[in-house]
Amino acid sequence: AGTSRSITNTNNYVISGKLDITDCTGNSHVVFSFNGNNNRILIWDQNGDKSYNLGYAFKGAYDQKPSVGAATWVVTDEGLTLTWKIAIIDGTMYFYVNDVLQIKYVDMLTDIGTVTGLVMTSEKVDCKFYDTSLVHPEYKADQYNTAKAAILADESTPVVTLPNA
């Protein structure tokens, strides 16, 4: 049976998990959306060739395929498994795929407002989200503090830094 927990501070948390993609058709995508479709991250097979790239839209402005440093994740006959992590720490959002920092959105919550919901969904793709874990200062505080320290110590350059200067 599932459990639910209400948390009061949505400005600080780390949620992570795994994603399996087993079949896809043209323009298939997996979506992580914040406060609706105007603010979302996509793992996107825009060309229908089973090659997924990073895409995103914030405040309705799309960037479909960042070119510099962008990863491509390919669905093989065995499928594709990705690990993912979203952290919001003091208003800044960090998005990782396979432990590589893909997007860092500085002061995201100042830009788009408090995140009232995170929705994970997909379109035109057979996929499964699993092994999902949430750590938060009010729930699993020690694990949250460890995760926060590791993210803040990560000096790697993200593929995308927002907002664009």
Ignoring hydrogens and geometry, is there a side-chain-to-backbone donor-acceptor pair from His29 to Asn27 under 3.5 Å?
yes
Step by step, work out the salt bridge (charged side-chain N to carboxylate O under 4.0 Å, His left out) result for Asp111 and Lys59.
CA-CA 8 Å; Asp111 234 13; Lys59 297 190 295 187; 3.3 Å; yes
For the pair Trp84 and Phe32, name the ring-plane relationship: parallel under 30°, tilted 30 to 60°, perpendicular over 60°.
tilted
Linked, directly or transitively: Ile151 and Ile41 (ILVMFWY side chains, under 4.5 Å)
no
Could you tell me whether a side-chain N or O of Asn12 sits under 3.5 Å from a main-chain N or O of Asp90, the two making a donor and an acceptor?
yes
Any side-chain donor paired with an acceptor under 3.5 Å for Asn53 and Trp73?
no
Backbone of Val100 reached by a side-chain donor or acceptor of Asn98 within 3.5 Å
no
Quick check with a 6.0 Å cut-off and a 45 degree axis cone: is Lys140 positioned over the face of Tyr144's six-membered ring?
no
Starting at CG of Leu109, measure out to OG1 of Thr92 and round the result to the nearest 0.5 Å.
8.0 Å
Counting N and O atoms only, with roles assigned by atom type, does the side chain of Ser33 sit under 3.5 Å from a partner on the main chain of Arg40, one being a donor and the other an acceptor?
no
Exercise: do Thr81 and Asp20 side chains pair donor with acceptor under 3.5 Å:
yes
Would you say Tyr105 and Met120 are hydrophobically clustered, going by side-chain heavy atoms of ILVMFWY under 4.5 Å?
yes
Given 3.5 Å as the limit, does a donor-acceptor pair link the side chain of Asp107 with the main chain of Thr110, or not?
no
Is Lys85 close enough and on-axis enough to Tyr96, meaning under 6.0 Å and within 45°, for cation-pi?
yes
Tell me whether Tyr52 shares a hydrophobic cluster with Val159, the cluster being built from Ile, Leu, Val, Met, Phe, Trp, Tyr side chains joined at under 4.5 Å.
yes
So, Ser28 side chain and Cys24 main chain: donor-acceptor pair closer than 3.5 Å or not?
no
